[in-house]
Chemist: 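Quick one: the structure is below, and I'll ask about it shortly.
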Number of protein chains: 2
Amino acid sequence: MTETALEPNRATGALSNCIPDSHTVAARFAALSHPARIEILKHLSASNSCCCREVVDRFDLAQSTVSQHLKILVEAGLVRFEPDRQRSRYAVDRAALADISASLNALVNSCCSGR
Amino acid sequence: MTETALEPNRATGALSNCIPDSHTVAARFAALSHPARIEILKHLSASNSCCCREVVDRFDLAQSTVSQHLKILVEAGLVRFEPDRQRSRYAVDRAALADISASLNALVNSCCSGR
DNA sequence: ATCGTTCATCGGCGATAGACGATGAACGAT
DNA sequence: ATCGTTCATCGTCTATCGCCGATGAACGAT
C-alpha cells in the first residue's frame, strides 16, 4: 500500500459523507483479499471463538502463518482478540463485519446513483 | 496471492452455497484493496464513462499507473472496457459491483447466523 | 524444577504489487 | 506525410506480502 499522491479526500464530498475515507475502506478490503483469511473468518464465526491452535489444526498452514493472518484480521478490526490463559481467543467482530458490508453498499449505491 | 493449501472448498458446505469460492471473493476484494482504485471507481461512476486520460488528469498518477489500475479493475470484472477511436472508454459495471456487494452480505450473514 | 503446549515475533526467501519513464502502435488532424 | 494525442505494454526499482522454521515467553501440569 504505497502512499499515493491522491488528493486527500478529494472525492469525499457530496454523496460520500457516509462512506469512510478510501484508504480506510481499501485497508479493510485488503484484509479480506486473501482466501485463507476469508476461510479463517468463516471458521471463527462457525465456532464463535477459536484459539490459534484450532485454526492451525483446521487449515494446512504453519502456526506462524496463521498467527499472522489472525493479526491482520485483528488489525483490520474484523476480529477481536482476547488473551485467555496461555491461549489466545479470537472471535469475529460481527458489528465490524456488518460495518464494512455497509461501506461497500454505500460505495455501490454512490456508484449507481451517480447516473 | 500464493496458492495456499487450503482444502479446496472445504468451507463451501452448508450455509455458503450462495457464497462464491473464497479465491474468487478474495480476488474481487483485492481489486478494491487500493485507495486509488476506489477513487477511480467513484470517478468513473460519477462521469458514467471515462477515457484513461480523464482519470490521469484527475489523479496525481502517471498514465501508465492509471492504465494498470484500470486494467486490474477490468480484470476483476468491476469495470467494462470499450475501445473508442484512439480512446479507451471505461465504465463501472454496476451489476458486478452489486454482485460483489451481495457476496459480502452473504459472507456477513453466514458469519452472523453461525451463532 | 521441569516438561509440554500455545503463541507472537523474528529473520529469510521468493513472489507480487505498485510506482515510474520510455517506447511504439493507433488514430485524428494538418 | 507529418505531427500530436491517447493508450497499453515493457523493463526496472523498491516495498510489501505470504510463507516457513526457529526462538523464546507464558503458562499448566507433573
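Within every chain, numbering begins at 1; the chains are lettered A, B, ... in the order of the sequence lines, protein sequences first and strands thereafter.
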Chemist: OP1 or OP2 of D/dA8 sitting under 4.0 Å from any side-chain N/O of B/Ser67?
Modeler: yes

Chemist: In this structure, which stretches of DNA chain D are paired as stems of three or more consecutive Watson-Crick or G-U pairs, both distances less than 3.5 Å?
Modeler: C:1-30 with D:1-30

Chemist: To the nearest Å, how far apart are B/Leu73 CG and C/dG18 P?
Modeler: 11 Å

Chemist: Measure from the side-chain N and O atoms of A/Asp99 to the backbone N and O of A/Ala95, and report whether any donor-acceptor pair falls under 3.5 Å.
Modeler: no

Chemist: Using atom CD of B/Gln68 as one end and atom C1' of C/dC20 as the other, report the distance to the nearest whole Å.
Modeler: 9 Å

Chemist: Looking only at side-chain N and O atoms, does B/Lys71 come under 4.0 Å of OP1 or OP2 in D/dC7?
Modeler: no

Chemist: Across nucleotides 22-30 of chain D, 5' to 3', mark each nucleotide with B, S or - according to how protein heavy atoms within less than 4.0 Å reach it.
Modeler: B----SS--

Chemist: Round to a whole Å and report the spacing from CZ of A/Arg89 to P of C/dC7.
Modeler: 9 Å

Chemist: Find the distance B/His34:NE2 to D/dA15:C1' and express it as a whole number of Å.
Modeler: 12 Å

Chemist: Which pairs of donor and acceptor atoms, one on a side chain in residues 74-90 of chain B, lie under 3.5 Å apart (sequence neighbours left out)?
Modeler:
unit_1  : atom_1 : unit_2  : atom_2 : d
B/Arg89 : NE     : B/Ser49 : OG     : 2.8
B/Arg89 : NH2    : B/Ser49 : O      : 3.1
B/Arg89 : NH2    : B/Ser49 : OG     : 3.3

Chemist: Among residues at least two apart in sequence or on other chains, which ones pass side-chain hydrogen bond (donor to acceptor under 3.5 Å, both in side chains) with B/Ser67?
Modeler: none

Chemist: Who passes side chain to side chain contact (heavy atoms under 4.5 Å, CB included) against A/Thr65, sequence neighbours left out?
Modeler: A/Leu61, A/Ala62, A/His69

Chemist: Can you tell me how far C1' of D/dG18 sits from CG of A/Leu70, to the nearest Å?
Modeler: 14 Å

Chemist: Quick one: A/Leu61 CG to C/dT6 C1', roughly how many Å, whole number?
Modeler: 17 Å

Chemist: Is a donor on one side and an acceptor on the other found under 3.5 Å between the side chain of A/Glu54 and the backbone of A/Cys51?
Modeler: yes

Chemist: Between D/dG18, D/dA8, C/dC7, spot the one nearest the side chain of B/Ser88, thanks.
Modeler: D/dA8

Chemist: Which of these nucleotides, D/dC20, D/dC7, C/dA8, is closest to any side-chain atom of A/Cys52?
Modeler: C/dA8

Chemist: Between D/dC17 atom P and A/Glu75 atom CD, what is the distance in whole Å?
Modeler: 10 Å

Chemist: Nearest 0.5 Å please: distance from the CG atom of A/Asp21 over to the OG1 atom of A/Thr24.
Modeler: 4.0 Å

Chemist: Do the side-chain N or O atoms of B/His69 get closer than 4.0 angstrom to the phosphate oxygens (OP1, OP2) of C/dA17?
Modeler: no

Chemist: With sequence neighbours excluded, what pairs up with B/Asp93 under the side-chain hydrogen bond (donor to acceptor under 3.5 Å, both in side chains) test?
Modeler: none

Chemist: A/Asp84 CG to C/dT5 P: how many Å, rounded?
Modeler: 19 Å

Chemist: Could you check whether A/Thr65 gets within reach of a base, just the sugar-phosphate, or nothing at all, counting any heavy atom under 4.0 Å?
Modeler: base

